Amino acid sequence: MQNLHADEDLTLLTVAADQAKRVLDIFPSTTAISVNTNSNYNRAATIGTDDATNTLDQLSYSTRPFVSQQVVNANQAAAEHVFLFSDFQKSYFEPSLLSKVDSNRIYHLVPLKSAGTSNVFVDSVYLADEFIRPDTEGALYVRLYNAGDKAIPGCPVKLVIDNVQIAALSIDLPAKQVTETAVNFTIRGEGSKQAWVEVEDYPVEFDNLYYFVLQPSSRLLITEISENGTSPLQRLYRNEPLFRTQRFAPNNIDYARLNSSDIIIMQGIEDIPSALVSTLDTYVKSGGTLAIMPPQTERSASYSALMQSLAIPASLNSGSSTKTSLAVPGRDNLFFKTIFAEYDPKMQMPAAVRELVWSRSSEDILKYRGGAPYLSRFDRGQGKVYLLAAPLEPEQNELVNHALFVPVMYRLAISSYKQEQQIAYRLQNMAITIPVQQQAGGENIYKLVKDSTVFIPEQQIRGGRLVFNVPPDLEEAGFYQLQLQGKTLGSFAFNFDKQESLLEQYSPAELRSFLPKDQQHVHVYDYSDTFTVKDEFEKRFFGVTLWKYCLILCLIFLMAEIALIRFL
C-alpha cells in the first residue's frame, strides 16, 4: 500500500483512508463502527463515526501480510456491512473465500487501482563458498527480481558490511525476470558481521534492503584413527588452516574427544575394537560423518560387525589384487563442483585395487571403469558414511599420488560441515534451531533484542540445541540479537516475505468473475476518479431519496404563488 494511486499523487493507503471516511458520511454519528487493519484482526474496538474518522487519520503501514480468511471472518457479530478497501494483491488475496462469506452480512469490495506494478527487490543472497574465512576474499551472489512489465536499465545496488559500503553496482534488470550478479567481499577481524544489500527503487521502498549475517566459520575437527602415525592424511589436512586434526591409535582412543569430531576417518585398521563399533554407530546416527578406508587385510570379523551395525551391505574382498583404472567423474557430479578449472572427459585417472566391496549406496561418487563403486556415500540416520574401496597405500591405490587426492580428501572433510545458522531468515512464524550450551543456574530464558525492544519467543532445549519460534509480534525487518542473561549469543537477520513485493492486483472484473451466480452478499465496486461508492451504496440500500426533489418543487410553487399574489 506504499504504491501510488493511479489517479492521485497519493499512496494507496492514504486514498483508502480518504474513501473510508467518505463512507462514514452515509451513516448517522451514532452508528457503531469497527476499523480493522492487518494489525488488529478481530481486536478492533467498536466506536462512533467521529472516533472512526480519527482512527483512519492515524493509520500507518503494517508489516503483517493480508490474510483473506481473517478479514472475511472479522469478529464483529452485529456488523451488517463490511467495507474492504484493498489493492487485492494476487499474491495474498484468496478469491475462493468470496463464496464462503457470512450470509448475515453485506460485503463491499472497493478495489484501489495503483499507478503500476513495477517493483525491484532482492529475492535472496547466497555464498559461493559455504566457509567464510576472515581476511580472505569471498563471493556473494545476489538475486534481484524486477516484478514490473518494463526493463530497468542501470538499477543502483550496494553491498554494505558493518556500516561500510563494500561495493556499488549498476545492473540492467529485464522485466519479469530474476537477475543474478556476484559481488566480491572480504571481512576483517573476528565475530559476526551485519550486512545488507540495498537497491534504489521508488515508490515501494519497504523491501529495498535485504539483511543477512556473515559469521566466520569455525574450524573443522578431523579425527583419524589409524595404526600409522605418519599417514598422508595428517600432512594433508595440516596444510589447511580451516582444519584441526587429532589422531588416535585403535588401542588408545579418547572416546570423549571422539564424539566432538566433525568427521572421523578410520584408516587402515585391521581389527576394530567392539567399543569403537558401538561408538561409531551412535556417532553416525546422531549426525556425525564417518569415512572408512580399508586395511590390506582380506578378512576381518570386526569389519563385518561394523557394517552390520551401520546397515551397510559391504565386506572385505578376498579376490584379485589387480589394480583397475577409475572412470572419469561426470561433468554434473556435484561432489566435484568447482574442483575442475576445465573439465576434460579424457583426463588421466588413477588405478586402484578393490579391497572393500558394496552395493546400493546413497550416491556413487567415483567408480571403476567397469562400473563398480570406488567411493560412495551412505546416508544413515542424521549422519553419513563414506566408503573407499582401496587402502591408502601407494602400491594399491594410485589416488594417493594423484592430483585428485587433495580435493577429494578436502571435499570429504568439508562435507561434514553443518551450517548451524542461516545467513538470513524471513518474518514468519517459523522454527529456528541452533546449538547452545546449557547455563548452570540462573534464568535460562532466551530473548531476541532489537535496540530497546525485547521479544521472548516460544523456546525449548533439546539435546543441547535451542529451538525457538519467531514471535508473531516481531514485524520489523533488520538485525536481532539473541541474548541469555544479558549476554549476546548471536545475531540474526530477518527480512519481509517476498510475496508482499509482488504487486499484481485483481481488477474489479476479475473479482466479479470469482463470485457464484447466486451470490447476493458481495458487491464489487469499479475503479472511479471521484469515488462513487457512497452514491451507489445509498441507491442500492436506501433507495432513491426523493425528499430533495419534493423540497425543490415546494420552493418553486411557493415562489410562483408569491409572484401571482404580488403582480395579479
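Numbers here are sequence positions counted from 1. Fair warning: this is a prediction, and the values are worked out from it, not measured in the lab.
A salt bridge links Asp57 with Lys21; the closest basic N to acidic carboxylate O contact falls under 4.0 Å. Between Asp526 and Lys113, none of the side-chain N atoms (NZ, or NE/NH1/NH2) sits under 4.0 Å from a carboxylate O, so this pair counts as no salt bridge. Taking a cutoff of 4.0 Å between a charged side-chain nitrogen and a carboxylate oxygen, Lys176 and Glu504 qualify as a salt bridge. With respect to Glu363 and Arg377, a salt bridge is recorded, a charged nitrogen being found less than 4.0 Å from a carboxylate O.
No side-chain donor from either of Ser416 and Thr289 sits under 3.5 Å from a side-chain acceptor of the other. Counting only N and O atoms by type, the side chains of Ser415 and Tyr386 include a donor and acceptor under 3.5 Å apart.
Checked against Tyr141 for a ring-ring contact (aromatic ring centres under 6.0 Å, His included), the options Phe185, Tyr126, Phe212 give a single hit: Tyr126.
Between the side chain of Glu240 and the backbone N or O of Leu242, at least one donor-acceptor pair lies under 3.5 Å. Judged by distance alone, the side chain of Asn3 and the main-chain N or O of Ser114 form no donor-acceptor pair under 3.5 Å. Side-chain atoms of Asp162 do not come within 3.5 Å of backbone N or O of Val164 as any donor-acceptor pair. With Gln89 contributing its side chain and Glu500 its backbone, the two residues share a donor-acceptor pair below 3.5 Å. Judged by distance alone, with hydrogens and angles left aside, the side-chain atoms of Lys418 form a donor-acceptor pair with the main-chain N or O of Gly287 at under 3.5 Å. With hydrogens and angles ignored, the 3.5 Å screen pairs no side-chain donor or acceptor of Arg105 with any backbone N or O of Val522. No donor-acceptor distance shorter than 3.5 angstrom exists from the side chain of Thr245 to the backbone of Tyr237, with no hydrogens or angles considered. Not one N or O on the side chain of Arg462 forms a donor-acceptor pair closer than 3.5 Å with the backbone of Val467. Listed for the Asp364 side chain is no donor-acceptor partner under 3.5 Å among the backbone atoms of Leu366. Between the side chain of Gln58 and the backbone N or O of Thr55 there is no donor-acceptor pair closer than 3.5 Å.
Looking only at side-chain heavy atoms (C-beta outward), Ile432 and Val470 come within less than 4.5 Å of each other. You'll find the side chain of Phe121 stays beyond 4.5 Å of the side chain of Asn208, heavy atoms only. You'll find the side chain of Leu466 reaches within 4.5 Å of the side chain of Gln459, heavy atoms only. Looking at heavy atoms from C-beta onward, Val120 lies out of side-chain contact with Tyr202 at the 4.5 angstrom threshold. Looking at Thr181 and Leu169, their side chains come closer than 4.5 Å, going by heavy atoms from C-beta outward. Looking at heavy atoms from C-beta onward, Ile171 lies in side-chain contact with Thr179 at the 4.5 angstrom threshold. In this structure, Asp201 and Asn119 have side chains that are in contact, with non-hydrogen atoms separated by less than 4.5 Å. With a 4.5 Å cut-off on side-chain heavy atoms, Pro216 and Ile187 count as touching.
Remark: Glu190 CD is loosely packed, at most 12 non-hydrogen atoms of other residues, nucleotides or ligands lying under 6.0 Å away. Shown here is Lys90, whose NZ atom has more than 12 heavy atoms of other residues, nucleotides or ligands within 6.0 Å. Environment of CZ in Arg188: crowded, with over 12 heavy atoms of neighbouring residues, nucleotides or ligands closer than 6.0 Å.
Annotation: the span from Ser361 atom OG to Lys384 atom NZ amounts to 14.0 Å, rounded to 0.5 Å. Summarising the geometry, atom CG belonging to Leu127 is positioned 5.0 Å from atom CD1 belonging to Ile423; distances are rounded to the nearest 0.5 Å. Atom CZ in Phe378 sits 7.0 Å away from atom OG in Ser362 (nearest 0.5 Å). With values rounded to the nearest 0.5 angstrom, Asp123 atom CG is found 9.5 Å from Ser501 atom OG. Here the CG-OG distance, from Leu388 to Ser376, works out to 9.5 Å after rounding to the nearest 0.5 Å. A distance of 12.0 Å separates CG of Leu375 from CZ of Arg411, quoted to the nearest 0.5 Å.
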Determine, step by step, whether Ser217 and Tyr417 satisfy the side chain to side chain contact (heavy atoms under 4.5 Å, CB included) criterion, reporting the C-alpha distance in whole Å, the side-chain angles of both residues, the deciding distance to 0.1 Å, and the verdict.
CA-CA 9 Å; Ser217 304; Tyr417 175 70; 3.6 Å; yes

Decide yes or no on side chain to side chain donor-acceptor pair (under 3.5 Å) for Ser34 and Asn36, but give the supporting numbers first.
CA-CA 6 Å; Ser34 175; Asn36 289 266; 3.1 Å; yes

Test Gln485 against Asn444 for side chain to side chain contact (heavy atoms under 4.5 Å, CB included), laying out the working first.
CA-CA 7 Å; Gln485 300 177 10; Asn444 289 323; 3.5 Å; yes

Could you walk me through whether Leu448 and Val454 pass the side chain to side chain contact (heavy atoms under 4.5 Å, CB included) test, one step at a time?
CA-CA 6 Å; Leu448 286 172; Val454 179; over 6 Å; no

Check the pair Lys158 / Glu198 against salt bridge (Lys or Arg N to Asp or Glu O under 4.0 Å), numbers first and verdict last.
CA-CA 5 Å; Lys158 299 177 183 178; Glu198 180 177 352; 5.2 Å; no

Is there a side chain to side chain contact (heavy atoms under 4.5 Å, CB included) between Tyr92 and Gln499? Walk through the geometry before answering.
CA-CA 7 Å; Tyr92 275 108; Gln499 281 185 276; 3.7 Å; yes

His523 vs Tyr107, side chain to side chain donor-acceptor pair (under 3.5 Å): CA-CA, chis, key distance, verdict:
CA-CA 6 Å; His523 302 281; Tyr107 293 84; over 6 Å; no

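Both the sub-6.0 Å distance and the 45° axial angle are satisfied by Lys450 relative to the ring of Tyr480.
Nearest heavy-atom pair across Asn495 and Leu209 is OD1-O, 4.0 Å. Closest heavy-atom contact between Ser491 and Val213: O-CG2, 3.8 Å. The two residues Leu98 and Gln519 come nearest to each other via the heavy atoms O-NE2, 3.2 Å. In plain terms, the two heavy atoms of Pro457 and Lys447 that are nearest each other are CD-CA, 4.4 Å. What you find for Val524 and Pro508 is that their closest heavy atoms are CG1-O, 3.8 Å. What you find for Asn146 and Gly148 is that their closest heavy atoms are OD1-N, 3.1 Å.
Between Phe494 and Tyr425, the ring planes are tilted. Angles from 30° to 60° get that label. Under the 30°/60° scheme for interplanar angles, the aromatic rings of Phe514 and Tyr506 are found to stand perpendicular. Using a 30° and 60° split on the angle between ring planes, Phe479 and Tyr211 fall in the perpendicular class, above 60°.
Tyr446 and Phe468 have their aromatic ring centers separated by at least 6.0 angstrom. The aromatic ring centroids of Phe243 and Tyr410 lie less than 6.0 Å from each other. Centroid-to-centroid, the aromatic rings of Phe206 and Tyr61 stay 6.0 Å apart or farther.
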